[in-house]
Amino acid sequence: MSFRPFYFLKESLVSFKKNWVISMAGVTTVALSLLLVGSFMLFAFAMNSLIKSTEQKVEVVLFLDQGVPGESVEALQAELMSWEEIKNVLYVSKDQALERLKKDFKGSEIVDNITGNPLPASLEITLKDPQKANNVVDRLKDRPEIDDIMHDREIVEKLFAVTRVARWFIAIFVGLLAFASLLLIANAIRLAIYARRKEVTIMRLVGASSWFIRWPFLLEGILQGFIGALIAITLLYIAKVTLIDKIKNSILMFLPIGLSQQEFYQLVFGLIVAGVVIGAAGSVVALRRFLRV
Amino acid sequence: MSFRPFYFLKESLVSFKKNWVISMAGVTTVALSLLLVGSFMLFAFAMNSLIKSTEQKVEVVLFLDQGVPGESVEALQAELMSWEEIKNVLYVSKDQALERLKKDFKGSEIVDNITGNPLPASLEITLKDPQKANNVVDRLKDRPEIDDIMHDREIVEKLFAVTRVARWFIAIFVGLLAFASLLLIANAIRLAIYARRKEVTIMRLVGASSWFIRWPFLLEGILQGFIGALIAITLLYIAKVTLIDKIKNSILMFLPIGLSQQEFYQLVFGLIVAGVVIGAAGSVVALRRFLRV
Amino acid sequence: MGVINAMIKVKNVTMNYKGAHRSALKDISVDIDRGEFVFLVGPSGCGKSTFIRLLLRELIPTKGDIFIAGHDLINMRRWRVPQLRRNIGCVFQDFKLLPNKTVYENVAFALEVIGSPTKAIRAQVPEVLKLVGLEDKLQDYPDELSGGEQQRVSIARAFANRPSIILADEPTGNLDPTTSSGIMALLNKINRTGTTVLVATHDREMVDSMRKRVIALEEGTLIRDQQRGVYGYEE
Amino acid sequence: MGVINAMIKVKNVTMNYKGAHRSALKDISVDIDRGEFVFLVGPSGCGKSTFIRLLLRELIPTKGDIFIAGHDLINMRRWRVPQLRRNIGCVFQDFKLLPNKTVYENVAFALEVIGSPTKAIRAQVPEVLKLVGLEDKLQDYPDELSGGEQQRVSIARAFANRPSIILADEPTGNLDPTTSSGIMALLNKINRTGTTVLVATHDREMVDSMRKRVIALEEGTLIRDQQRGVYGYEE
Ligand SMILES: Nc1ncnc2c1ncn2[C@@H]1O[C@H](COP(=O)(O)OP(=O)(O)OP(=O)(O)O)[C@@H](O)[C@H]1O
Ligand SMILES: Nc1ncnc2c1ncn2[C@@H]1O[C@H](COP(=O)(O)OP(=O)(O)OP(=O)(O)O)[C@@H](O)[C@H]1O
Ligand SMILES: [Mg+2]
Ligand SMILES: [Mg+2]
């Protein structure tokens with residue numbers, strides 16, 4: 001007796017409808033679990049870009065020796081730009097430095113007391129990976145052109161400690177959520193099949209093979225998972241549009257919060273796959289006990 | 001026929017054991033849901049204290065007029081200390097200010113070029129509620145003793161925008177988690193009772209009153225909720241001891257992260273109450289349909 | 001009311017199941033007095049179980065009135081129904097045993113429900129189960145019993161609390177002739193103590209030998225109500 | 001093997017249910033030839049259903065061997081069991097109908113399982129259901145049927161796919177005498193086309209009138225195996 005897709009599909013659809021209470025329980029469990037995972041993922045994406053933008057603020061400033069000629073500076077700047085770790089190098093001339101100081105200390109008497117321009121020119125380096133700052137500093141510290149390097153190792157390390165912990169927290173919680181969702185869905189499916197265990201036994205006794213029984217349950221599990229995932233995604237989408245995008249466009253304009261369209265589609269795809277796979281696998285595993293007859 | 005606590009208790013315990021598959025599904029659902037809520041609450045507590053400590057860094061600095069006598073300064077300091085919004089006021093003398101500057105600009109030529117001491121004395125104000133900073137500034141800005149007030153309104157507002165959003169995110173997600181947990185648990189209990197609907201009908205037909213049937217189910221729901229909550233709490237406690245407390249004692253010494261013992265007990269108590277109440281209510285609601293016979 | 005003279009009074013009752021294309025019972029009127037013993041007979045699907053389910057108020061008739069010991073079943077409040085059922089012992093055609101309770105516990109349940117003291121339950125349950133020949137199956141679960149044994153548990157439960165009415169739906173369908181006779185003799189004995197007994201059955205031998213009142217249904221219509229009757233005229 | 005001569009060969013079979021204090025069957029040996037019609041009788045709880053469940057391989061005996069059409073049931077691989085069952089039509093004492101399928105679908109299921117084409121199913125199912133008198137209940141669900149109607153669905157399902165063996169456990173327990181005779185006549189007819197039929201029953205009238213081979217059990221022991229036998233000697 002061969003695999004008959006249409007018969008199994010029909011069976012599963014009919015059964016989905018007839019066991020409405022059970023089907024709905026499965027669907028809502030999948031939907032809620034995936035909604036939790038999904039919304040926390042959105043949250044995690046947002047947090048992550050926030051963390052990243054904070055880390056990006058870490059800069060290395062090179063104060064240049066007073067006597068270094070313009071060409072050397074340009075050469076140094078070009079060389080630095082070619083380094084892998086480095087994203088950008090900004091030249092700040094002596095005049096620009098003085099202007100900044102004046103602006104920073106505007107209204108205070110300190111500015112009035114400065115004679116001439118005691119400030120050095122500098123190169124402000126932005127890093128691709130801020131964690132590599134110490135590296136860059138070590139490689140540069142003996143260069144003759146450079147008078148001094150400003151880079152507060154201690155503060156940077158503190159900052160990274162904090163962001164590392166935040167990342168860990170988020171990763172652990174995403175893992176926990178994923179794991180819990182899996183168990184919750186598996187649980188609901190197990191209960192659903194438990195409620196129908198008598199049917200399974202009867203089918204076996206009437207001569208149905210294991211796969212003949214399994215297929216409709218499997219397809220039903222997939223259906224539950226799929227519908228649940230769709231519901232979760234719809235709710236997430238609504239949340240994204242009404243909440244996150246609004247926040248992004250108003251108060252948080254200046255923050256690179258949130259996720260790209262592509263990331264959102266990846267999330268959606270991931271959720272659907274998760275729903276379908278867990279639904280199918282859950283059904284098959286839960287059935288096993290009752291197919292022993 | 002009166003309420004017979006011992007009979008009902010015995011019935012519920014026996015039934016809990018006999019319907020092992022169902023009971024375990026209920027218990028794990030409660031445990032997982034509450035674990036999610038609980039661990040996110042821990043996370044939220046930690047985030048909250050982190051946010052608070054960041055906000056606490058907001059200061060208002062009053063630069064004093066050069067000519068103000070020592071007594072006036074002390075009087076001003078005393079007055080400010082008595083304000084409700086203000087937590088602490090620190091006096092920084094001219095000499096202290098210069099020392100700080102020298103330290104900040106150590107190694108640069110700027111320090112060498114400073115003649116005399118151009119810096120003013122100042123009062124550094126820490127606020128009880130940093131959100132009130134603008135208030136304080138407005139009340140102080142016309143005082144004759146004060147030359148200038150340093151308080152970056154824009155940056156503070158940005159900071160608060162960020163922390164507000166973070167708080168909102170956390171609150172929304174806690175709400176979502178609580179809501180989802182409730183539904184997930186209710187769902188599992190509904191399936192559990194659905195699997196036993198025939199029993200309920202039989203009991204009715206043999207002459208059992210609604211409450212006679214309800215009590216054991218109710219107690220079973222409570223038992224499931226209670227055991228589930230206990231499991232969640234145990235796991236949370238382990239997580240707290242092995243993860244959070246360790247983090248707190250090592251890298252994050254300097255951060256006022258995490259929660260007090262008392263907050264943890266409140267959380268534990270809340271989770272148990274939630275488990276028991278949802279378990280009980282879920283059972284009663286799910287039973288209703290089948291008691292109609 | 002003149003109604004209360006009869007233990008069971010069924011008046012012009014019609015029952016249409018939801019979605020069914022014909023009535024399961026059509027305009028049935030029957031009075032059964034206190035202490036009577038009545039057989040309810042008829043071909044498969046004629047409405048015997050429906051009749052019994054109406055008396056238990058498992059169903060509410062589409063039309064007509066039903067009174068049991070003077071209580072109006074149609075307008076009875078839901079919370080009063082358990083009270084009614086505790087005075088009726090019912091042997092169900094499909095047994096309706098609680099799968100998670102042992103034989104002992106199933107029978108005991110009928111006594112717990114009326115609030116019997118534990119002592120009384122401990123004494124009565126084994127006694128009743130002995131009457132149906134199950135004294136050595138007390139601790140078995142329903143799915144560990146044979147069909148006939150399950151049926152006997154259902155019978156034992158039905159008269160465990162000495163109800164004033166016993167409704168038995170096909171109580172010997174899964175029993176051998178010897179055990180069947182024993183059960184019928186038991187029902188007869190219980191009837192002689194004043195209990196009203198209504199037995200739906202297909203057991204022609206039994207009906208013909210006992211010569212009790214026979215009510216015959218066919219396709220939902222009452223076609224015969226005969227004192228000291230037999231199972232059927234023809235065949 | 002000399003074994004394959006008999007359609008059903010049961011050799012020194014003992015069955016102890018887990019946790020039971022006595023054997024449900026004790027050292028039973030029976031051979032049933034292809035095309036035989038056999039009644040299995042005995043008091044309630046004597047082991048009739050157990051015997052049938054062993055032949056369906058719902059149970060595996062504690063001791064002994066069972067062969068069906070030459071296949072060794074004891075050492076049969078699990079994936080081969082469905083194949084076995086598709087050649088056996090079984091009427092279960094508790095009907096075992098699928099609650100979520102209509103009468104039509106329940107019977108059709110037995111045909112789906114053997115991979116019958118849809119066309120054949122559409123033609124055969126109503127025909128088989130007509131044989132048991134349920135032609136107007138095709139779209140009803142099991143819980144909308146009377147006990148006897150459910151039993152007849154179970155019977156229809158058992159011979160829908162024309163199996164070579166029919167095992168019927170108390171197939172007329174919920175049927176009136178007329179319908180019972182009809183079902184027995186049907187089984188007899190099917191038997192005459194070469195199908196092996198084993199009927200566990202309490203219906204003395206039927207057994208006595210048909211004069212087929214009778215196997216009698218008592219407390220798990222085979223006490224009589226008689227060609228053209230009757231239900232019982234005494235009573
Ligand atoms: N699953 C089980 N576990 C333990 N004991 C069982 C189980 N099933 C049946 N029994 C016992 O085995 C014995 C035989 O049971 P079986 O069902 O074969 O009887 P039967 O002849 O079919 O009786 P009936 O005519 O009442 O249906 C009975 O005493 C019964 O209590
Ligand atoms: N829940 C239901 N919904 C629809 N129709 C039903 C329902 N229950 C029973 N019926 C129909 O009502 C009619 C009478 O059923 P009932 O169970 O009363 O018969 P019965 O006399 O007990 O038969 P049996 O002797 O076979 O048990 C039958 O035709 C049956 O199909
Ligand atoms: Mg009936
Ligand atoms: Mg049996």
Side-chain angles (χ1 to χ4, degrees), chain A residues 21-22 24-26 28-29 32-33 35-36 39-40 43 46-47 50 63 66 101 107-116 118-120 147-148 150 158 161-162 164-166 168-170 172-173 176-177 179-181 183-184 187-188 190-192 194-195 197 239 243 247 251-252 254-255 257, chain B residues 21-22 24-26 28-29 32-33 35-36 39-40 43 46-47 50 63 66 101 107-116 118-120 147-148 150 158 161-162 164-166 168-170 172-173 176-177 179-181 183-184 187-188 190-192 194-195 197 239 243 247 251-252 254-255 257:
Chain A
V21 177
I22 291 178
M24 277 308 101
T28 44
T29 303
L32 287 169
S33 304
L35 179 64
L36 288 182
S39 58
F40 192 74
F43 172 74
M47 281 303 286
L50 225 141
F63 293 106
Q66 298 281 40
L101 182 76
S108 155
E109 286 157 54
I110 188 170
V111 185
D112 307 332
N113 290 331
I114 292 172
T115 54
L119 299 175
D147 177 40
D148 199 1
M150 195 166 92
K158 269 189 189 170
V162 174
R164 209 184 308 128
V165 168
W168 266 103
F169 264 138
I170 289 174
I172 288 175
F173 198 71
L176 183 64
L177 258 177
F179 176 73
S181 299
L183 286 190
L184 285 168
N187 232 337
R190 200 159 60 126
L191 272 183
Y194 183 80
R197 64 195 181 286
L243 265 174
I247 288 172
I251 12 174
L252 287 187
F254 58 93
L255 276 178
I257 208 179
Chain B
V21 178
I22 292 177
M24 275 308 100
T28 43
T29 303
L32 287 168
S33 304
L35 179 63
L36 288 181
S39 57
F40 192 74
F43 172 72
M47 283 301 288
L50 225 141
F63 293 105
Q66 298 281 40
L101 183 76
S108 153
E109 285 155 53
I110 189 169
V111 184
D112 307 331
N113 289 329
I114 293 173
T115 55
L119 300 177
D147 178 37
D148 199 2
M150 196 165 94
K158 270 189 189 173
V162 174
R164 209 183 310 129
V165 169
W168 265 102
F169 264 138
I170 290 173
I172 288 175
F173 199 71
L176 183 65
L177 258 178
F179 176 72
S181 300
L183 285 189
L184 284 168
N187 231 338
R190 200 158 60 126
L191 272 183
Y194 183 80
R197 64 194 181 287
L243 266 173
I247 289 173
I251 13 172
L252 286 188
F254 58 93
L255 277 178
I257 209 179

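It should be emphasised that the depicted structure is a prediction, and the values quoted were computed from it without experimental measurement. Here is how names work: the chains are called A, B, and so on, in the same order as the sequence lines, proteins then strands, and each is numbered from 1.
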Hey, which of B:Ser33, B:Ala180, B:Ala192 has the most heavy atom pairs under 4.5 Å with chain A? B:Ala180
Take the angle between the ring planes of B:Phe173 and A:Phe173 and call it parallel below 30°, perpendicular above 60°, tilted in between. perpendicular
Is there side-chain contact between B:Thr28 and A:Leu183, with heavy atoms separated by less than 4.5 Å? no
Between CG on residue A:Leu177 and CG on residue B:Leu177, distance to nearest 0.5 Å: 6.5 Å
Once rounded to the nearest 0.5 Å, what's the spacing between atom CZ of A:Arg190 and atom CD1 of B:Ile22? 10.5 Å
Which heavy atom of B:Leu176 sits nearest a heavy atom of A:Ser39, and at what distance? CD2-OG, 3.2 Å
